[in-house]
Amino acid sequence: MATPIPRPHSSIVVDGPARAASRAMLYPVGFTEGDFKKPQIGIASTWAMVTPCNMHIDGLARAAAVGADSAGGKAVIFNTITISDGISMGTEGMKYSLVSREVIADSIETVIGCQGYDAFVTLGGCDKNMPACVMAMARLNRPSIFVYGGSILPGKTPQEDGCEDKNTDVVSVFEAVGAHAQGKMTAKQFHAVESTAIPGPGSCGGMYTANTMASAIEALGMSLPGSSSQIAVSMEKVEDCTRAGQQVVELLKRDIKPRDIMTKKAFENAITIIITLGGSTNAVLHLPAMAHEAGVKLTLKDFTRIGKKVPVLADLRPSGKYHMADLAKIGGIEPLMKTLLEAGLLHGDCMTVTGKTVAENLKNVKPYPVDQQIIKPLATPIKKDSHLVIMYGNLAPEGAVAKISGKEGLGFTGKARVFASEEECLKRILDKTVKAGEVLVIRYEGPKGGPGMREMLAPTSAIMGRGLGKEVALITDGRFSGGTHGLVVGHVTPEAAVGGPIALVKNGDLITIDAVKHTISVDVSAKEMAKRKKAWKAPKARYTRGVLAKYAALVTSASEGAVTDCF
């Protein structure tokens, strides 16, 4: 007789005469008599028709449920929200983006905790719902697996519209805005890019935030091998979901929980992978937040320490040439992980959701094809150290985060042009008020000040579209999309809303960004800065009711991951 699968939580909800009402509520949703003796497996879906990133996840959730049922569990699918950065970018609505990370994590925790599910699978496919899923997994510490919804295929702009025949994506559209404003693109070409760049389901196709976080979560050990680089509309992705449903039941049998996997060394593996891939600055916000929920101390200093010895190897968009779909064709990130393991740059003894260690998972992985151009050899990297540069100075005493590819230079000195909002800055870029040699300062966009710490993809893309990528720098207490490139510095802390030095900068102040020395400073004396601080007045709260007001009241600094449960 087979050993019963543990039911540490669901048994409390449905066992015994006193729980008859609970069972009665479950018969109408598909439970049979025998199901009450099975472990209940939650399937947390982020499906919505809000965005192509998540439009297909309902089908993937059903595949995960089939897997869990086939392994002896009783799957129950439930949904949480998602929002679209790409759609809300550059508007007031974007303030809800980072906030949604907390809402999603809270909602998954609420359902799993309330319903007494014994284990669960989470499925995410956009920037904030992915770290949110893992945050909930760490909080609850019940056997669980994350499944990435998969990357979108590249778009293709037709040559007959007078465009260059090339693969496109959402960042192509944002950069087309600047090119159109500069007169470098006709209205017909502009529309051709807009209408063809996003061809179907899946997350944005470059090494933007979604693919960055998917890769980080796989390296962390919380996804099955291969999950991060599968295409959204592929059979491999459906199989990944089915296997996840089956495997989470195995984790339940073996009592392997997220905090057994999400150790400090596992987070170091995640940081290593995102550096080699040239990943998004948002990882510097999300990984500390995930670590916080797992009880692991992860700071900006860890990114600097690891970044000194880990090179950038991937030629992926936005600063590179290729899409995630190209990486998927040559094997995804597993051959890269094996290369890093053999070079002593990964911890091979970390446990993963397979029930095996990183080294065991990679044992039979084959190397990349010899003729591929996407991942460079360790001996000839794109950049010998990290592109994620943590900067300090009198403008950012608690730190700031830059994404330095080197293509736009390693430093910049220029006079400040100050803006109190993203919209104000974008307007002045597009009307050509902004000139070469300036450092654009966008403030009051931090976690508290925004509130919500909006991404600045619209202004940074407009800068690139205008051809000013090497001529203009931008700093902000907001953050950047994974699609941003150029000489930009975000997460400036303390933020302006709490009186940080960025609040005290004036038009014409000389600002210096030095990616070699890891410094960001304004050429204003300490005495003058103190005088300005004394005269500074805190702005009125922009929201006094609702989720944004609650977020602003609770959120910590970006340098701490912008979490809301740090009491």
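Bear in mind that the values here come from a model prediction, so they are computed numbers and not experimental data.
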Would one find more than 12 heavy atoms of other residues, nucleotides or ligands at under 6.0 Å from atom [atom1] of [X]?
X: K383; atom1: NZ; result: yes
X: K517; atom1: NZ; result: no
X: K550; atom1: NZ; result: no

Does the side chain of [X] reach to within under 4.5 Å of the side chain of [Y], using non-hydrogen atoms?
X: L378; Y: P311; result: yes
X: M207; Y: T212; result: yes
X: P335; Y: V365; result: yes
X: T564; Y: Y551; result: yes
X: C133; Y: F120; result: no
X: M456; Y: V488; result: no
X: T209; Y: H286; result: yes
X: S557; Y: P494; result: no

- Query: What residues form a side chain to side chain contact (heavy atoms under 4.5 Å, CB included) with E438, not counting sequence neighbours?
  - Reply: R417, V434, K435, L440

Minimum heavy-atom distance between [X] and [Y], given as atom pair plus value:
X: S223; Y: I217; result: OG-CG2, 3.4 Å
X: G499; Y: W536; result: N-CH2, 3.3 Å
X: M130; Y: G124; result: CG-C, 3.9 Å
X: A232; Y: G202; result: CB-CA, 3.5 Å
X: P459; Y: I442; result: CG-CD1, 4.2 Å
X: H323; Y: L316; result: O-CD2, 3.7 Å

Interatomic distance, [X] atom [atom1] to [Y] atom [atom2] [nearest 0.5 angstrom]:
X: M94; Y: L457; atom1: CE; atom2: CG; value: 8.5 Å
X: N282; Y: L287; atom1: CG; atom2: CG; value: 10.5 Å
X: S100; Y: N129; atom1: OG; atom2: CG; value: 7.5 Å
X: S229; Y: L327; atom1: OG; atom2: CG; value: 6.0 Å
X: S107; Y: E102; atom1: OG; atom2: CD; value: 11.0 Å
X: L362; Y: K356; atom1: CG; atom2: NZ; value: 11.5 Å

Is a side-chain donor or acceptor of [X] paired with a backbone partner of [Y] at a separation under 3.5 angstrom?
X: K237; Y: Y148; value: yes
X: S319; Y: H485; value: no
X: N211; Y: G206; value: yes
X: E268; Y: I306; value: no
X: T556; Y: V563; value: yes
X: R479; Y: L285; value: no
X: R532; Y: A503; value: no
X: H347; Y: A266; value: no
X: D169; Y: C204; value: no
X: D477; Y: Y444; value: yes

In plain terms, say whether [X] and [Y] are close enough for a salt bridge, that is, a side-chain N and a carboxylate O under 4.0 Å apart.
X: K264; Y: D302; value: yes
X: R139; Y: D106; value: yes
X: E422; Y: K95; value: no
X: K128; Y: E455; value: yes
X: D260; Y: K257; value: no

- Item | side-chain contact (heavy atoms from CB on, under 4.5 Å) between D565 and E293, intermediate numbers included | CA-CA 9 Å; D565 63 347; E293 303 296 355; 3.0 Å; yes

- Step by step, work out the side chain to side chain donor-acceptor pair (under 3.5 Å) result for Y322 and N167. CA-CA 9 Å; Y322 297 97; N167 291 335; over 6 Å; no

- Task: Check the pair I390, H518 against side-chain contact (heavy atoms from CB on, under 4.5 Å), reporting the backbone distance first and the verdict last.
- Result: CA-CA 6 Å; I390 310 302; H518 293 202; 5.5 Å; no

- Could you please spell out the steps behind the salt bridge (Lys or Arg N to Asp or Glu O under 4.0 Å) verdict for R466 and E471? CA-CA 10 Å; R466 276 197 56 198; E471 311 300 328; over 6 Å; no

- Message: Please determine whether side-chain contact (heavy atoms from CB on, under 4.5 Å) holds for the pair S481 and F174, giving the CA-CA distance in whole Å, both sets of side-chain angles, and the decisive distance to 0.1 Å.
- Response: CA-CA 11 Å; S481 161; F174 278 103; over 6 Å; no

- Query: Do T460 and T484 have a side chain donor and acceptor closer than 3.5 Å?
  - Reply: yes

- Task: Verify salt bridge (Lys or Arg N to Asp or Glu O under 4.0 Å) between K265 and D349, making sure each step is shown before the conclusion.
- Result: CA-CA 9 Å; K265 290 200 295 184; D349 58 344; 2.7 Å; yes

- Begin from the C-alpha positions of T46 and T80 and carry the test side chain to side chain donor-acceptor pair (under 3.5 Å) through to its verdict. CA-CA 5 Å; T46 56; T80 182; over 6 Å; no

- Query: Do V353 and L251 pass the side-chain contact (heavy atoms from CB on, under 4.5 Å) test, and can you show the C-alpha distance, the side-chain angles, and the key distance before you say yes or no?
  - Reply: CA-CA 7 Å; V353 292; L251 294 179; 4.1 Å; yes

- Under the salt bridge (Lys or Arg N to Asp or Glu O under 4.0 Å) rule, collect the residues that match up with R259, sequence neighbours excluded. none

